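Naming: A, B, ... by sequence-line order, numbering from 1 per chain. What you see is a predicted model; the values in this text were computed from it and never measured.
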2 protein chains.
Amino acid sequence: MRKQDEQIPGVPTLQDVAKAAGVSTATVSRCLNAPSVVSEKTRVRVMEAVKTLGYAPNFSAQALAAKRTNTFGAIVPTMANAIFARGLQAFQEELQKSNITMLVASSSYRPELEEEQIRALVARGADALLLIGHDRSDDIYKFLERRGIPYVVAWVHDDGQSHVSIGFDNKLAMQSLTRAVLDLGHRRLGYITAQRIGNDRAQARYGGLSDALSESGLSIDDVALEETDYSIKSGADAFDRILKRQPDTTVVMCGNDVLAAGALQKARSLGLQVPKDVSITGFDDIDIAEIVSPALTTIHVPHRNMGRGAASMLIEMSRDGTRPKSRELPAHIEWRGTLGPSPDQM
Amino acid sequence: MRKQDEQIPGVPTLQDVAKAAGVSTATVSRCLNAPSVVSEKTRVRVMEAVKTLGYAPNFSAQALAAKRTNTFGAIVPTMANAIFARGLQAFQEELQKSNITMLVASSSYRPELEEEQIRALVARGADALLLIGHDRSDDIYKFLERRGIPYVVAWVHDDGQSHVSIGFDNKLAMQSLTRAVLDLGHRRLGYITAQRIGNDRAQARYGGLSDALSESGLSIDDVALEETDYSIKSGADAFDRILKRQPDTTVVMCGNDVLAAGALQKARSLGLQVPKDVSITGFDDIDIAEIVSPALTTIHVPHRNMGRGAASMLIEMSRDGTRPKSRELPAHIEWRGTLGPSPDQM
DNA sequence: AAAATTATTGCAAGCGCTTACATTCACTGT
DNA sequence: ACAGTGAATGTAAGCGCTTGCAATAATTTT
């Protein structure tokens, strides 16, 4: 009984709105994207049509036509714990102010997967990318270069690197923490690190440990080293192994808070008092650092500032095509309860 | 010096590949999407061209043409803590098996924001959606219905609801935990809940508490209730207020582990022994439940099964257009260290 | 060997939107 | 009254891909 050849409603398109408002699709498009150039009168009429039809632009079509998505991507190594959560949150908040959407992907600390994710985000039209750490294949950098996709490398600062970055000096931070540890009289150390290969943060932190030891005439070879994957359980197991190998260990330093939380848990279950019998240190200062007891002495990392800064740098790069200077942010020791003087001292 | 009118390389398109391989764009497309239908010989030739040109399909164009994205969306209330992390991980892993990408958005427990996120994901072409909890405006359900977008509601199971869902009975779980608490002799209770408005999980859990009390002839009005937002700090503050108002409280039950972790922290800083002086219970069994000390007695929730199940249901719905039955999964009390007999008993 | 199938490929019409360019309109100044 | 403006709108050409259909090639059947 329909008079015209109207279809079953379906999803409204720009066309439909244009027809309903009695204007061309171009005008509708302008109403939505550059309202100032359309006359008040038509704008009102169009907006009304938009509302009554419940029109919403098709993102893919928009991206295809405009070659711009107002979407930035972020690839982080993990979302399983809070390490990058706060930073991403800040990144996202900052983007939001400029009406940019964030897309996140997680690489599970796997380089091939990261590469895949980067390509996927680019294929999805990400206008710019946030990457964690420098360490990745040259191919992927070339790929981004070629596509003209701005990116910034975050969570690290290393003068030797040429990529635009925002972060802190992982090595220096661990070095200063190690000095503090040594100052407290510790000489029998254990160190639990996350997988270092493909992870420049872990490498740098290890380097900081090593350098601080050298400064004091000690050798990295004398510390009980455990390299393990990223989980509380792994931290606990590693701690156990260290104490077995080197029962007189007075401090176990950890490459991150997750491992440290595991170590702490194990220490307690072994009946050791922290820090009276053994000290433990973390790195990152994520939320669990505060809720374990005693609370973790760790390196406080400028999560939110990195996220926010990365966002504003990317926005600028994407908008103006410029290349901002890398930024180094401070990190500092957060003194809490798990690091005390070496028991040998007493 | 260029002979032909070749452009500056730019991003390779299907066209380019087609030309390089000496076939039509249709054939290239088929090579990529339905390899079995093109001959071995041409397939090899095309794939070679793809490789040498470094071609990658433009997602937007693909979505626009195919009206399908192989992308499912998930909107969770928060990504700041681990509550949904494990579930999402499992969801994602399951999708991956079918070559489907997951897009996540977080609503920060704000209904308007959630609605916005849902529309954004749909505009981005999500083929199906994972939602948390039933509680949202009817408009949004109509919107999804109209667009023909399959969705499943997870983390809840409620026979009264008509949406396809996968989850556990939040009310029953809290009810059983409360019974256990009462069985241990507790009579002076405190309860810390997250904001209940717009959060059916929080409401159901509260309902479970209330019902269990009624069973024993007690009244919900006698428990010291604190409603607060979602953070460790808030949990700690709420615990403090409860103990001030009702100093003889013997157990503080919490609507989730995050609040419980805060409560526990505060209890300790108040010099209270848990569970000797006061018991504390959580809900969710996320990772922090195990690392606090004593470890939290809580409700273990089938995170991974929900995620995995939701994925397979959505895949089926999207593929076959069917409407699977809702699934109820079990949740159980995870006995650890923070719940003990009421001190009154002694 | 011709006819009938079946396996491969190409053609070309969109998908829904943006935007350069052309056109129309409403005023101005002269 | 008319050329000269600038503002508002319309026209239409893509953006890069998929896919129904038609055309062709290869294989089988009779």
*Measure the distance from CD on B:Q15 to C1' on C:dA12 and round it to the nearest whole Å.*
12 Å
*Given that B:S39 and B:A65 both sit by DNA chain C, which one's nearest nucleotide is further toward the 5' end?*
B:S39
*asked:* Counting only side-chain nitrogens and oxygens, does A:K67 get under 4.0 Å of the OP1 or OP2 atom of D:dG16?
replied: yes
*Can you find a side chain N or O atom of A:S60 that sits less than 4.0 Å from OP1 or OP2 on C:dC15?*
no
*Mind calculating the distance between CD (A:E40) and P (D:dT9) to the nearest angstrom?*
11 Å
_With a cut-off of less than 4.0 Å, is there a side-chain N or O of B:Q62 near OP1 or OP2 of D:dG16?_
no
*Are any of A:T27's side-chain N or O atoms less than 4.0 Å away from OP1 or OP2 of D:dT9?*
no
_Just the rounded figure in Å: distance from C1' of C:dA20 to CZ of A:R30._
10 Å
_For a quick test of reading the model: is some side-chain N or O of A:N58 closer than 4.0 Å to OP1 or OP2 of C:dC15?_
no
_Regarding B:R43, tell me which of base, sugar-phosphate or nothing describes its non-hydrogen contacts under 4.0 Å with the strands shown._
nothing
*Do you see a donor-acceptor pair shorter than 3.5 Å between the side chains of B:D127 and B:T69?*
yes
*asked:* OP1 or OP2 of C:dT9 versus the side-chain N and O atoms of B:S24: is any pair under 4.0 Å?
replied: no
_Taking the basic N atoms (NZ, or NE/NH1/NH2) and the acidic carboxylate oxygens, is any pair closer than 4.0 Å for A:R119 and A:E115?_
yes
*Nearest-nucleotide wise, let me know which of A:T25 and A:R45 is further upstream toward the 5' end of DNA chain D.*
A:R45
_Donor-acceptor side-chain pairing of A:E316 and A:T322 below 3.5 angstrom_ = yes
*Does B:R68 place a side-chain N or O at less than 4.0 Å from the phosphate oxygens OP1/OP2 of D:dC17?*
no
*Among C:dG16, C:dT9, D:dG10, find the nucleotide with the atom closest to the side chain of A:V23.*
D:dG10
_Euclidean distance, atom CZ of residue B:R124 to atom P of C:dG16 [Å, nearest integer]_ = 18 Å
*What's the CG-C1' distance between B:L32 and D:dT19, to the nearest Å?*
15 Å
*Would B:S98 and B:R319 count as having a side-chain donor-acceptor pair, cut-off 3.5 Å?*
no
*What are the two closest heavy atoms between A:F84 and A:T78, and how far apart are they?*
CD1-O, 3.7 Å
*Between A:L14 (CG) and C:dC17 (C1'), how many Å, whole number?*
6 Å
*asked:* OP1 or OP2 of D:dC17 versus the side-chain N and O atoms of B:S29: is any pair under 4.0 Å?
replied: no
*With sugar-phosphate meaning primed atoms plus P, OP1 and OP2, does A:Y55 contact a base, only sugar-phosphate, or nothing at under 4.0 Å between heavy atoms?*
sugar-phosphate
*Base, sugar-phosphate, or nothing for A:A26, non-hydrogen atoms under 4.0 angstrom?*
base
